2 protein chains.
Amino acid sequence: MASLTIQEAAETTGWSPRMLRYIEASGLVTPARSASGYRLYGPAELQRLRTLGELLERFDLALSDVAFAARLADSDGLFEAVQEWFSAPASRPEDVSADDWLRFEQDKHERLLAVAGRRSNELELMENELMESR
Amino acid sequence: MASLTIQEAAETTGWSPRMLRYIEASGLVTPARSASGYRLYGPAELQRLRTLGELLERFDLALSDVAFAARLADSDGLFEAVQEWFSAPASRPEDVSADDWLRFEQDKHERLLAVAGRRSNELELMENELMESR
DNA sequence: GCAACCTTACCACGAAAGTGTCAAGGTTAG
DNA sequence: CTAACCTTGACACTTTCGTGGTAAGGTTGC
């Protein structure tokens with residue numbers, strides 16, 4: 001059905017064929033392949049490619065930013081670790097000395113590492129669940 | 001002794017003074033300032049600097065990745081736009097229905113919003129408070 | 001007042017991201 | 001069969017990131 005070759009996809013999306021391959025290597029838009037290995041861009045991929053351009057331009061993002069967002073969404077433990085880092089200094093009791101606070105954070109740090117190293121998280125479970133619900 | 005100068009902070013965190021300024025320019029760790037403009041690193045900043053190093057190493061991230069995560073958390077509209085892009089019908093397993101996918105993305109969205117909302121409230125205030133007691 | 005800090009503002013340099021182009025070879029449509 | 005595609009891989013170039021340095025000048029502690 002409706003699937004375009006890389007050159008046709010390039011023409012309708014505004015990206016160069018070279019960049020379409022680069023975007024694929026970045027894990028952002030992965031077209032299907034024909035039996036002989038040709039990239040086949042369907043409507044979904046074309047749509048994503050067009051909106052990707054707008055996204056980058058509107059917020060002045062780099063491709064690597066969006067690639068990182070993708071990692072954030074489905075890399076195991078990464079999201080939790082980043083989340084933990086942002087909220088790290090949040091819950092300090094006011095009546096402790098600076099030394100106590102330092103020790104407290106050190107402990108917290110170790111707890112964070114334990115979390116980051118944990119093998120599975122809810123996000124991944126949900127994804128696996130979804131994949132298996134065929 | 002609630003705060004260290006940049007050189008002292010560098011010694012206890014492992015970053016160079018140069019990098020501490022760079023990290024500040026990236027918006028990742030912003031120390032308070034003395035009346036004459038000196039950077040004052042408190043326990044909260046020191047802790048964030050230490051955990052930042054671990055975070056980068058553990059997940060092989062770049063500073064720009066974490067900086068982008070920060071933008072994602074507190075730049076209004078950015079998160080929604082990125083989220084929207086990922087939610088758009090794109091290359092995904094055909095056996096996942098669009099409804100399931102959307103519901104899944106919505107859940108992810110809420111998880112991320114939880115971080116975004118939690119960020120940048122009490123912590124900065126508390127840190128600045130701490131700084132002024134010098 | 002002097003040494004040892006601190007500030008900002010540059011210059012430089014390697015690594016990585018982003019992008020074009022070309023080469024060698026396989027695929028496809030007429 | 002041929003022309004016009006496609007593939008991967010490599011070289012090259014520009015821009016940005018990450019990092020160190022250095023210069024000119026302000027601050028601090030003794």
Side-chain angles (χ1 to χ4, degrees), chain A residues 1-42 45-46 48-50 52-72, chain B residues 1-42 45-46 48-50 52-72 82 131-132 134:
Chain A
M1 101 132 231
S3 61
L4 306 186
T5 66
I6 195 172
Q7 187 165 263
E8 294 165 331
E11 281 158 10
T12 57
T13 62
W15 294 101
S16 66
R18 176 67 174 86
M19 283 308 294
L20 292 186
R21 297 195 185 96
Y22 184 74
I23 289 169
E24 180 182 2
S26 303
L28 262 31
V29 177
T30 305
R33 296 297 187 113
S34 75
S36 56
Y38 282 27
R39 290 174 180 79
L40 300 176
Y41 290 87
E45 285 80 24
L46 298 177
R48 262 190 122 176
L49 288 170
R50 293 194 194 97
L52 178 59
E54 294 175 18
L55 185 65
L56 298 186
E57 164 116 16
R58 189 145 74 89
F59 294 95
D60 192 33
L61 302 183
L63 279 176
S64 57
D65 289 332
V66 185
F68 171 69
R71 271 186 79 187
L72 207 52
Chain B
M1 90 93 227
S3 59
L4 306 186
T5 66
I6 194 173
Q7 187 164 265
E8 295 166 330
E11 281 159 10
T12 57
T13 62
W15 294 100
S16 64
R18 177 68 174 82
M19 283 309 294
L20 292 186
R21 298 196 184 94
Y22 183 76
I23 289 169
E24 180 182 3
S26 303
L28 262 32
V29 176
T30 304
R33 296 298 186 112
S34 74
S36 56
Y38 281 26
R39 289 175 180 80
L40 300 175
Y41 291 87
E45 285 81 22
L46 297 177
R48 284 186 89 161
L49 288 170
R50 293 194 193 97
L52 179 59
E54 308 250 6
L55 185 65
L56 298 186
E57 166 134 8
R58 166 173 284 276
F59 294 96
D60 193 32
L61 303 183
L63 278 176
S64 57
D65 289 332
V66 185
F68 171 70
R71 273 186 77 188
L72 210 52
V82 173
M131 289 319 124
E132 278 148 13
R134 72 174 289 278

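As the structure is a computational prediction, the values presented were derived from the model and not from experiment.
- Not counting sequence neighbours, the partners of F59(A) by the side-chain contact (heavy atoms from CB on, under 4.5 Å) test are L55(A), L61(A), R71(B), L78(B), A81(B).
- Using a 4.0 Å cut-off, no side-chain N or O of Y22(B) falls inside it from OP1 or OP2 of dT19(D).
- Smallest separation of non-hydrogen atoms from E45(B) and T30(B): OE2-O, 4.0 Å.
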Could you give the side-chain donor-acceptor pairs of residues 14-28 of chain B under 3.5 Å, partners two or more places apart or in another chain?
{"residue": "W15(B)", "atom": "NE1", "partner": "L49(B)", "partner atom": "O", "Å": "3.0"}
{"residue": "S16(B)", "atom": "OG", "partner": "M19(B)", "partner atom": "N", "Å": "3.1"}
{"residue": "E24(B)", "atom": "OE1", "partner": "R39(B)", "partner atom": "NE", "Å": "2.4"}
{"residue": "E24(B)", "atom": "OE1", "partner": "R39(B)", "partner atom": "NH2", "Å": "3.4"}
{"residue": "E24(B)", "atom": "OE2", "partner": "R33(B)", "partner atom": "NH2", "Å": "3.3"}
{"residue": "S26(B)", "atom": "OG", "partner": "Y22(B)", "partner atom": "O", "Å": "3.0"}

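- Remark: C1' of dT16(D) and CG of L63(A) are 13 Å apart, rounded to the nearest angstrom.
- Closest to the side chain of R21(A), out of dT8(C), dT19(D), dT7(D), is dT7(D).
- Rounded to whole Å, atom C1' of dT8(D) lies 12 Å from atom CD of E24(A).
- Rounding to whole angstrom units, CG of residue L56(A) and C1' of dT19(C) are separated by 14 Å.
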Identify the pairs formed between an N or O of the protein and an N or O of nucleotides 28-30 of chain C at a distance under 3.5 Å, and give each distance.
{"residue": "dT28(C)", "atom": "OP1", "partner": "S36(A)", "partner atom": "OG", "Å": "3.0"}

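- Residues meeting the side-chain contact (heavy atoms from CB on, under 4.5 Å) test with E8(A), sequence neighbours left out: L4(A), T5(A).
- The phosphate of dC6(D) has neither OP1 nor OP2 within less than 4.0 Å of any side-chain N or O from R39(A).
- Y41(A) places a side-chain heavy atom less than 4.5 Å from the side chain of P31(A).
- Near DNA chain C, meaning a heavy atom under 4.0 Å away, the residues from residues 7-20 of chain A are S16(A), R18(A), M19(A).
- When rounded to the nearest whole Å, the span between CZ of R33(A) and P of dT7(D) equals 6 Å.
- Counting to the nearest Å, the C1' atom of dA17(C) and the CG atom of D65(B) are 12 Å from each other.
- Nearest nucleotide to the side chain of T5(B), out of dT7(C), dC6(C), dC6(D): dC6(C).
- Applying the side-chain hydrogen bond (donor to acceptor under 3.5 Å, both in side chains) rule to pairs touching residues 53-66 of chain A yields nothing, sequence neighbours excluded.
- Listed pair S64(B) / dT16(D) fails the phosphate criterion, with no side-chain N or O lying under 4.0 Å from OP1 or OP2.
- Here the straight-line distance linking atom CZ of F68(A) with atom CG of L63(A) works out to 15.0 Å at 0.5 Å rounding.
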